[in-house]
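Quick note: numbers below take in every heavy atom, side chains included, and nothing from hydrogens, waters or symmetry partners. Quick caveat: nothing in here was measured; it's all calculated off a predicted structure. Both counts, for ligands and for their atoms, begin at 1 and track the order of listing. Throughout, residue positions are numbered sequentially from 1 according to the sequence presented.
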Amino acid sequence: DTSSLVEAFHSSLAFDQRLYPQDIAGSIAHATMLGEQGIIAQGEAAALVNGLTDILTDLRAGTLKLDPTAEDIHTNVEQILVDRLGPVGKKLHTGRSRNDQVALDMRLYLREESKKVQRLIKELLCVLLTLAEKHAATIMPGYTHLQRAQPVTLGHHLLAYVCMLIRDCERLSDAQKRANVCPLGAGALAGTTFDLAPARVAELLTFPAVSLNSIDAVSDRDFVIEFCAAASILMMHLSRLSEEIVLWSSSEYSFIELDDAYSTGSSIMPQKKNPDVAELVRGKTGRVYGSLMAVLTQMKGLPLAYNKDMQEDKEALFDVIDTVKGCLAVYAPMLASMTVKVDRLRQAAEGGYTNATDLADYLAKHGVPFREAHAIVGQAVMHAISLGKNLSEIDLAQYRQWHPAFNADLYKALELETCVNHRVAAGGPALQTTKATIAVVREWMASQA
Ligand code: ARG
């Protein structure tokens, strides 16, 4: 007998029990194929399918409890089947190993969960798009080095995140192409002597492809790693938006105000309204990266084929899925319910000389070499700072002392609307460009339905 210490140590039931729907679906497909191939009698296959269907129903209803001392979900479901059906239950595992079984379960599970994550990303995209549309003309400062740089619009800024999230969604679709391969028939590692029909099992489980190599089928978890990597990139994007939400909701910025339902108070400071959701998402990004590192490290240097190390992929993957879904679910309503302080955004864009580049461009368009124009405007900014004024508050006579190419129309060039709306090139902040981008994104959303 195995030591009870070892039994407790290597049991995965506590966490792999969430795979029971996939495990049973895989077994139903396997049993059906065994019957069709004449490897077991049709009547036996039907009994297995019915028995498995009943187990699924009972587990879903909560009327059947799993055995906490079982080694894993695969062993436990099979044991329940044998308990209920008698000897015919023992035929289910013909031509199969837990090695191809667990690889199948993980691929089935990931396929469903990946779609759920994508659905949540699209819900967040909807909220961001609505905000971008509403604020397509809401001027705000764009930043580099967290210093005010040039005027943009909130719509333009949010569309940057829209673009990131679309790529995140597509990365998940792309990873799915490689994950959506049926490994059943690989057995423990060397296939099987039974006349199985892997393509039929794949068809029953709607896999577009079967594994090309039985050792690869049971040995790799690259599909888990790819998902975790795509999830890590998604979280990296969310963490950046979160950082901005945290900054913007501070009284120093005061660009937005989070709804009371999506912020929290302090147990000691009565005035506090904290952006905990955004902070938690930022923090949970580290947790997702950690899981990616965990699976990469588990797989590193493993000799072919199956090794028990690979059981460790589950908690990491499940945690990534739960974490990402949790973050996305709370993010969309948090953004949808926040208040944007349009006047504060405008006021911030008016300070910080965000239109200085436009004044240099003005000179350059009047024939002054850009480098020279850059230096002249630098001088103008220094002067304005010394007076505590904006560039538009410096009079024309002063400008003409710096360069005769300056004329009264420079004040038009300095208007923030001009600065933004002249940036019409693809991807720029101009209102018409923003609207065109939104239309492209809406088309993408429609193509995803
Ligand atoms: N619980 C195991 C896992 O998750 C299932 C595969 C067991 N296979 C084996 N040869 N011990 O990896």
Side-chain angles (χ1 to χ4, degrees), residues 1-30 52 55 59 66-82 90 92-113 179 181-194 196 198 201 205 211 213-228 291-292 294-322:
D1 282 353
T2 311
S3 145
S4 58
L5 260 180
V6 172
E7 268 174 10
F9 180 65
H10 86 151
S11 171
S12 52
L13 189 89
F15 49 86
D16 68 13
Q17 56 179 276
R18 70 160 82 186
L19 295 174
Y20 80 82
Q22 292 73 27
D23 195 68
I24 293 173
S27 289
I28 287 176
H30 181 66
L52 287 162
I55 294 173
L59 284 173
L66 293 168
D67 171 9
T69 65
E71 187 185 327
D72 55 31
I73 187 63
H74 326 293
T75 321
N76 202 173
V77 169
E78 193 181 337
Q79 188 54 51
I80 296 166
L81 191 69
V82 173
K90 296 184 179 171
L92 174 65
H93 214 49
T94 311
R96 190 177 67 170
S97 156
R98 274 183 304 155
N99 294 352
D100 54 353
Q101 189 177 357
V102 72
L104 173 73
D105 292 3
M106 289 291 275
R107 286 174 191 266
L108 282 172
Y109 180 76
L110 191 51
R111 177 165 84 180
E112 289 168 29
E113 292 301 317
V181 172
C182 188
L184 223 59
L189 77 159
T192 168
T193 55
F194 290 98
L196 301 185
V201 176
L205 296 168
S211 302
N213 178 284
S214 62
I215 296 179
D216 176 45
V218 294
S219 296
D220 210 350
R221 293 293 180 269
D222 57 354
F223 60 98
V224 172
I225 294 170
E226 255 194 283
F227 177 86
C228 292
S291 293
L292 168 64
V295 188
L296 275 171
T297 312
Q298 284 150 24
M299 294 305 295
K300 177 187 175 295
L302 278 192
L304 301 180
Y306 178 84
N307 299 269
K308 189 76 172 200
D309 315 44
M310 289 156 71
Q311 176 168 289
E312 287 287 310
D313 64 348
K314 280 166 208 68
E315 284 163 293
L317 176 68
F318 298 163
D319 194 70
V320 167
I321 289 171
D322 295 346

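- Annotation: side chain of Val6 is in contact with side chain of Thr2 (closest heavy-atom distance under 4.5 Å).
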Extract all N/O-N/O pairs under 3.5 Å that connect ligand 1 to the protein, and present each with both atom names and the distance rounded to 0.1 Å.
unit_1: ligand 1; atom_1: 1 (N); unit_2: Ser12; atom_2: OG; d: 3.3
unit_1: ligand 1; atom_1: 1 (N); unit_2: Asp72; atom_2: OD2; d: 3.1
unit_1: ligand 1; atom_1: 1 (N); unit_2: Gln311; atom_2: OE1; d: 2.7
unit_1: ligand 1; atom_1: 4 (O); unit_2: Lys314; atom_2: NZ; d: 2.6
unit_1: ligand 1; atom_1: 8 (N); unit_2: Asn99; atom_2: OD1; d: 2.9
unit_1: ligand 1; atom_1: 10 (N); unit_2: Asn99; atom_2: OD1; d: 3.1
unit_1: ligand 1; atom_1: 12 (O); unit_2: Tyr306; atom_2: OH; d: 2.5

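- Looking at Tyr306 and Leu189, their side chains never come closer than 4.5 Å, going by heavy atoms from C-beta outward.
- For Asn76, the side-chain contact (heavy atoms from CB on, under 4.5 Å) partners are Leu13, Leu66, Asp67, Ala70, Ile80, not counting sequence neighbours.
- The salt bridge (charged side-chain N to carboxylate O under 4.0 Å, His left out) with Asp72 is formed by just one residue from the set Lys314, Arg98, Arg18; it is Arg98.
- In this structure, the side chain of Asp322 does not engage the main chain of Val320 through any donor-acceptor pair within 3.5 Å.
- Residues Pro183 and Val218 fail the side-chain proximity criterion, which asks for heavy atoms closer than 4.5 Å.
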